[in-house]
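Along the sequence shown, residues are numbered consecutively beginning with 1.
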Amino acid sequence: MRGGFILAVHAFGSGMADATEAKVVILGSGPAGATAAIYAARAMLEPVLISGLQPGGQLTITTDVENYPGFAEAIQGPWLMEQMQAQAEHVGTRVVQDMIASVDLGGHPFTLTGDSGSRYRARTIIIATGAQAKWLGLASEETYKGFGVSACATCDGFFFRGKRVAVVGGGNTAAEEALFLTNFAEHVTLIHRGPVLRADKTNQMRLAANGKIAIRYDTVVDEILGTSEPRAVNAVRLRSLEDGTKETLPVDGLFVAIGHTPATELFHGQLDMDGDGYIRTEPDSTRTSVPGVFAAGDVKDKIFRQAVTAAGMGCMAALEAERFLAARH
């Protein structure tokens, strides 16, 4: 780990003698968490950032990034997150390689326990644990993630100009991804395992009216095919759920749009969430239903899910945490 500010460990009584006290604990180290750490550190709040299960977030499995402001040429997702963490550490963030196993938001300061056994007491918490795309679960999917297999058309559609792609899913997200991809791709095949789409009627009408889109019903992807040198997708093997027949569909890319799962399990029953498990925040704010707890990035955003919007919310959360502490202390 690159050098950074080392937060002192304070002793507490009643079984918390080895707990780390922090004004701000940030959960998650993607764009939202890293940006929150930078702003909190510059406000002299001495933040502790818990890196979580996937240090750096989803950008660490993204290859070329062309839509993050400030870079004329494509950059690598892992490199961008390394730079964000280095900046956060440089201005005074302590980065801890740990996963939080339990959180108690019932008292103040809040208490957190890591998988490592480490314990933390936080005056404020910024939740930036993100959301994970749901995948098909194929071995070949793992092979080609970032090399033709994606879960974000907005992020990666640009790389498929003039090519043929497929989208898996039948809801509004899949429909919107397919429609968006027609701005770049020569042809889009929407693959849905059911006999009818779940997307709303407006999206279904748009799909039907778009000559670039074909829909395959009662069909699943059995395997993703491609080359190893260079690693790239060149086809998908489809299987009909009606009669079991298989066929190979030539495509240059596959977009999986079967939903996302927010990483909010730790907070069930403690924070207000919507029906999909995304944390609810106040309008134009990152404040949650518990004072002193803030949520930023994909953990609360099911609409945009972009690195730049997550970073913006991370900034908001740090500023709001600073104001909360100033008012309370």
Q: Of the non-hydrogen atoms in A311 and T35, which two are nearest, and what is the gap between them?
A: O-CG2, 3.2 Å

Q: Check whether any side-chain heavy atom of V293 lies under 4.5 Å from a side-chain heavy atom of Q270, and answer yes or no.
A: no

Q: For the residue pair I50 and L27, establish whether any side-chain heavy-atom pair is separated by less than 4.5 Å.
A: yes

Q: With heavy-atom distances below 4.5 Å as the criterion, would you say the side chains of P31 and M81 are in contact?
A: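 P31 reaches M81 side chain to side chain.
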
Q: State, yes or no, whether a side-chain contact exists between F110 and V290 at a heavy-atom distance under 4.5 Å.
A: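 A side-chain contact exists here, since the closest heavy-atom pair is under 4.5 Å.
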
Q: Please check if atom CZ in R280 has more than 12 non-hydrogen atoms from other residues, nucleotides or ligands closer than 6.0 Å.
A: yes

Q: If you round to the nearest 0.5 Å, how far is OG1 of T309 from CE of M313?
A: 4.5 Å

Q: Evaluate whether atom CZ of F71 has more than 12 neighbouring non-hydrogen atoms of other residues, nucleotides or ligands under 6.0 angstrom away.
A: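 Yes - once you tally the heavy atoms of other residues, nucleotides and ligands closer than 6.0 Å, there are more than 12.
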
Q: When you compare the side chains of Q97 and S51, does any donor N or O come within less than 3.5 Å of an acceptor on the partner?
A: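 Side chains of Q97 and S51: pair found under 3.5 Å.
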
Q: Can you pull out every ring pair (Phe, Tyr, Trp, His ring centres under 6.0 Å) where at least one residue sits in residues 236-266? Sequence neighbours excluded, please.
A: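 Matches after skipping sequence neighbours: F160-F255.
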
Q: Between atom CG of D301 and atom OH of Y278, what is the distance when rounded to the nearest 0.5 Å?
A: 8.0 Å

Q: Do M273 and H268 pass the side chain to side chain contact (heavy atoms under 4.5 Å, CB included) test, and can you show the C-alpha distance, the side-chain angles, and the key distance before you say yes or no?
A: CA-CA 8 Å; M273 301 180 189; H268 286 176; 3.2 Å; yes

Q: Any chance you could measure R216, atom CZ, to R193, atom CZ, to the nearest 0.5 Å?
A: 15.0 Å

Q: Does the side chain of Q83 come within less than 4.5 Å of I75's, by heavy atoms?
A: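 No, their side chains stay 4.5 Å or more apart.
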
Q: State, with a plain yes or no, whether a side-chain heavy atom of L225 is found less than 4.5 Å away from one of Y144.
A: no

Q: Under 4.5 Å between side-chain heavy atoms, counting indirect links through other Ile/Leu/Val/Met/Phe/Trp/Tyr residues: same cluster for V149 and I191 or not?
A: yes

Q: Does the side chain of M316 come within less than 4.5 Å of L319's, by heavy atoms?
A: no

Q: Might you point out which heavy atoms bring V221 and L138 nearest each other, and give the distance in Å?
A: O-CD1, 3.7 Å

Q: Just by distance, with hydrogens left out, do D272 and S289 show a side-chain donor and acceptor under 3.5 Å apart?
A: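 There is no such pair (donor and acceptor under 3.5 Å, judged by atom type) between the side chains of D272 and S289.
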
Q: As a test of understanding, state which of L49, L45, I38 forms a side chain to side chain contact (heavy atoms under 4.5 Å, CB included) with T93.
A: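 Exactly one candidate clears the test, L49.
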
Q: Any chance you could measure T111, atom OG1, to L105, atom CG, to the nearest 0.5 Å?
A: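 Here the rounded value is 8.0 Å.
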
Q: Minimum heavy-atom separation for G253 and V233, please, with both atom names.
A: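 G253 and V233 have their closest heavy atoms at N-CG1, 4.3 Å.
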
Q: Taking all non-hydrogen atoms of both residues into account, name the closest pair between S140 and I224 and its distance.
A: OG-N, 3.0 Å

Q: Any luck finding a side-chain donor-acceptor pair between S285 and E320 under 3.5 Å?
A: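 Checked: S285/E320 side chains pair up, N/O donor to acceptor below 3.5 Å.
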
Q: For A122, which residues count as a side-chain contact (heavy atoms from CB on, under 4.5 Å) partner, sequence neighbours excluded?
A: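 Expected list: V25, L112, I125.
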
Q: Can you name the closest pair of heavy atoms from G114 and D98 and give their distance?
A: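 Scanning both residues completely, I find the closest heavy atoms to be CA-OD2, 3.6 Å.
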
Q: Can you tell whether the side chains of R121 and E21 come within less than 4.0 Å, N to carboxylate O?
A: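 No salt bridge links R121 with E21.
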
Q: Just so I know, are the side chains of E66 and F159 near enough to count as touching, which here means a heavy-atom distance under 4.5 Å?
A: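 Result yes, sub-4.5 Å side-chain heavy-atom pair found.
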
Q: Is it true that Y120 and L266 fall in one hydrophobic cluster, defined by side-chain heavy atoms closer than 4.5 Å?
A: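 Cluster IDs for Y120 and L266 match.
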
Q: Does a sphere of radius 6.0 Å around CG in D284 hold more than 12 heavy atoms from other residues, nucleotides or ligands, not counting ones at 6.0 Å or beyond?
A: no

Q: Could you give the distance from CD (E141) to CG (L136), rounded to the nearest 0.5 Å?
A: 4.5 Å

Q: What are the two closest heavy atoms between N172 and A199, and how far apart are they?
A: OD1-CA, 3.4 Å

Q: Please walk me through it: do H108 and R328 pass side chain to side chain contact (heavy atoms under 4.5 Å, CB included)?
A: CA-CA 11 Å; H108 197 269; R328 193 177 181 100; 3.6 Å; yes

Q: Rounded to the nearest 0.5 Å, what separates atom CZ in R198 from atom CG in N203?
A: 12.5 Å

